[in-house]
There are 2 protein chains.
Amino acid sequence: MISQNEIIHDDCIKVLKTFSDNSFDLIFADPPYNLQLPKNKKLIRADGSEVIPVSDSWDKFESYEEYDIFTENWIKECQRILKPTGTIWIMGMYHNIFRVGKIMQDLGLWFLNDVIWVKIDAMPNFNGRRFTNNHETLIWAVKNKNCKNYTFNNEFLKQMNNGLQMKDTDWIFKICKGRERLKDGNGIKAHPTQKPLKLIQQVLLSASRKGDLVLDPFMGSGTTAIVAKALGRNWVGIEKEKKYVDLANMRIKKYTEQAR
Amino acid sequence: MISQNEIIHDDCIKVLKTFSDNSFDLIFADPPYNLQLPKNKKLIRADGSEVIPVSDSWDKFESYEEYDIFTENWIKECQRILKPTGTIWIMGMYHNIFRVGKIMQDLGLWFLNDVIWVKIDAMPNFNGRRFTNNHETLIWAVKNKNCKNYTFNNEFLKQMNNGLQMKDTDWIFKICKGRERLKDGNGIKAHPTQKPLKLIQQVLLSASRKGDLVLDPFMGSGTTAIVAKALGRNWVGIEKEKKYVDLANMRIKKYTEQAR
DNA sequence: GCAAGGCATGAATCTACAT
DNA sequence: GATGTAGATTCATGCCTTG
């Protein structure tokens, strides 16, 4: 029996392995994506010469291979513990989402959509050498190709969208700023990638029901827990870093007191 | 010497191998998406009419592996023949773009943006079991991590965008329908996936200059050639299917006559 | 000639259930 | 699993016909 509505403070993959097959109705994951160039790949100049990295910090960076192994391991476990009627959502940006998506497909997860979170208030690109990064991608998938009767609250979504079917590009939300953004004692953001409540809310409203069990393997600041609680879903969170476990627990406690 | 402003009728990879290193200023590619349509299932509209799917043989692959091998081979050649100051654009949807993206990264191509073409007029999801597919993704990349002085017409783009820096989500264009869409003798679409002129125009205006040499390895209906010609870029197209070579040549000829 | 309304159509991994 | 069948489901646009 999985103990619900708690954050488990431990390594993600280790914890996932303890859960039974087909246990969760919805999995929402916002995995890390601190990627750099792979160590083992050579960088070749136009004239054919090899680029030798100058910095010693080179080796400190993760390689693509390491990232892929980590990614495959945690997603494989998520696939195993996802109910056939459940769905999994995985978020990312261009640094990592393509690797994540291919690994998902290779594991047999079956894509329903790739949803674009269009950000409001995103930071501009200062040096004017690229387009402003103004979105993140959410891949929405079922356990395998044959899973058909997954939860999708079409009627509800239509009502929320002036009677029209919602599109994969209709996800327009502000980034998490201002009062919603958690700060530490010095007024600095307490978590680097805190997600807006409305984004997670849209996920749970789209693809879960009251009483469903929701898993977030990378709990971070606890946004998924807050939203799940508010919407009457049960939840389980996993978080490796003690300081974020504490942060999220504080936040959940505060929310619970306010909600009384 | 590459013979310019012509379509080469042959296998893509075979032709790419004949080009010299560092030859092209911009490569735009709209490769097969490997759509996996349900077997023997028809998609019927409420009025009884049938949706004509993309069922051409060029989009059929035996497996993900086969698709990956094909993909790696043509992208590897494109990387080789791309100038260090050039950029490559590759389009796709959720069926294929994640595989394409991972393969690009593994080859050492360095991402600048993933741009979202938000479609106007896309087909709804008939069964109400998913979100409407309303976008395609364009990955924009340089030859490798060290390529810095690639062409990006930031000032021009800002002028086109009311003085604001253009975002990766500002690409909102109609799909290719109506008069722009090429038809065969029976009034049926002549190419299953003809792209809108304005989309390709945006690509060339963003990342190329007059006189640049542009390559499209999957020429199809010839949209890239038309736009390149209109904008004063030189171009090379590759197309495997004779009927599309003829279609595109007809279109280019007609355009040239009109432009006189 | 003009306005109103009908009709065609778009890269689609578009269902649920019984046998 | 694979196959067959009943049944539920969808939106904007542009072109063309009709009045």
Side-chain angles (χ1 to χ4, degrees), chain A residues 84-85 87 101 104-105 108-114 139-152 154-155 157-158 161-170, chain B residues 29-61 63-64 67 90-100 117-138 172-184 186-196 199 218 220-221 223 244:
Chain A
T85 55
T87 57
M104 289 176 75
Q105 281 187 320
L109 287 158
W110 194 247
F111 291 174
L112 298 170
N113 285 112
D114 58 333
I139 298 177
W140 181 40
V142 282
K143 191 180 177 86
N144 63 56
K145 189 178 179 174
N146 295 326
C147 296
K148 300 292 184 191
N149 58 340
Y150 53 88
T151 299
F152 179 59
N154 188 49
E155 275 310 310
L157 289 167
K158 279 176 67 175
N161 199 36
N162 300 318
L164 294 177
Q165 186 172 77
M166 195 165 283
K167 300 174 185 173
D168 56 17
T169 51
D170 281 339
Chain B
D30 184 26
Y33 287 5
N34 190 25
L35 298 185
Q36 296 164 60
L37 302 174
K39 275 181 257 177
N40 309 321
K41 302 268 167 86
K42 288 181 177 175
L43 189 57
I44 306 294
R45 296 189 188 86
D47 63 7
S49 66
E50 187 184 339
V51 174
I52 302 171
V54 178
S55 52
D56 287 26
S57 61
W58 51 257
D59 197 46
K60 296 215 188 325
F61 294 84
S63 63
Y64 284 143
Y67 184 79
I90 306 184
M91 266 186 88
M93 293 180 66
Y94 66 91
H95 313 79
N96 71 319
I97 196 64
F98 299 101
R99 316 192 74 78
V100 166
W117 167 28
V118 179
K119 297 183 186 180
I120 299 174
D121 227 5
M123 188 164 62
N125 182 287
F126 289 170
N127 285 336
R129 297 290 290 143
R130 305 180 179 202
F131 300 97
T132 304
N133 291 327
N134 201 53
H135 76 279
E136 300 196 19
T137 301
L138 294 97
I172 304 171
F173 301 106
K174 281 185 218 167
I175 58 172
C176 189
K177 271 168 77 170
R179 196 159 292 187
E180 186 182 329
R181 188 87 192 216
L182 302 175
K183 303 280 166 52
D184 67 12
N186 301 317
I188 308 294
K189 56 187 173 187
H191 189 282
T193 67
Q194 185 182 342
K195 291 297 173 293
L199 177 71
F218 305 96
S221 59
T223 307
Y244 298 137

Q.
Can you tell me the base-pairing partner of D/dA6? Count Watson-Crick or G-U wobble geometry only, both distances below 3.5 Å, and say none if there is no partner.
A. C/dT15
Q.
For C/dT9, give the paired nucleotide (Watson-Crick: N1-N3 plus N6-O4 or O6-N4; G-U: N1-O2 and O6-N3; both under 3.5 Å), or none.
A. D/dA12
Counting any heavy atom closer than 4.0 Å, what does [X] reach on the DNA or RNA strands: base, sugar-phosphate only, or nothing?
X: B/Lys174; value: sugar-phosphate
X: A/Leu112; value: nothing
X: B/Arg130; value: base
X: B/Pro31; value: base
X: B/Pro192; value: sugar-phosphate
X: A/Gln105; value: base
X: A/Asn149; value: sugar-phosphate
X: B/Asp59; value: base
X: B/Trp58; value: base

Nearest of [options] to any side-chain atom of [X]?
X: A/Lys148; options: C/dC14, C/dA11, D/dT10; value: C/dC14
X: B/Asp121; options: C/dA12, D/dT9, D/dA12; value: D/dA12
X: B/Pro124; options: D/dA8, C/dG10, C/dA16; value: C/dG10
X: B/Val51; options: C/dA12, D/dC11, D/dC16; value: C/dA12

Q: Quick one: closest heavy-atom pair of B/Lys195 and B/Asp30, and the distance?
A: NZ-OD2, 3.0 Å
(Q) At less than 4.0 Å, is any side-chain N or O atom of A/Lys158 found next to OP1 or OP2 of D/dT10? Yes or no. (A) yes
(Q) When the C1' atoms of C/dC7 and D/dT10 are compared, how many Å lie between them, rounded to an integer? (A)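 Comparing C1' positions in D/dT10 and C/dC7 gives a spacing of 16 Å.
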**Q.** Span that lies between the P atom of C/dA18 and that of D/dA8, in whole angstrom
**A.** 14 Å
Q: Report the distance from atom CG of B/Asn127 to atom P of C/dC17, rounded to the nearest whole Å.
A: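 Taking atom P of C/dC17 as the reference, CG of B/Asn127 is at 14 Å.
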Q) For the pair made of CG in B/Leu199 and P in C/dA11, what is the distance, rounded to whole Å? A) 12 Å
Q: May I ask you to establish whether B/Arg129 and A/Tyr150 are in a cation-pi arrangement, using a distance under 6.0 Å from NZ or CZ to the six-membered ring centre and at most 45° from the ring axis?
A: yes
Q. Which parts of nucleotides 3-9 of chain C does protein reach within less than 4.0 Å, heavy atoms only, written one letter per nucleotide 5' to 3' as B for base, S for sugar-phosphate only and - for none?
A. ------B
**Q.** B/Asn40, CG atom: more than 12 neighbouring heavy atoms under 6.0 Å
**A.** no
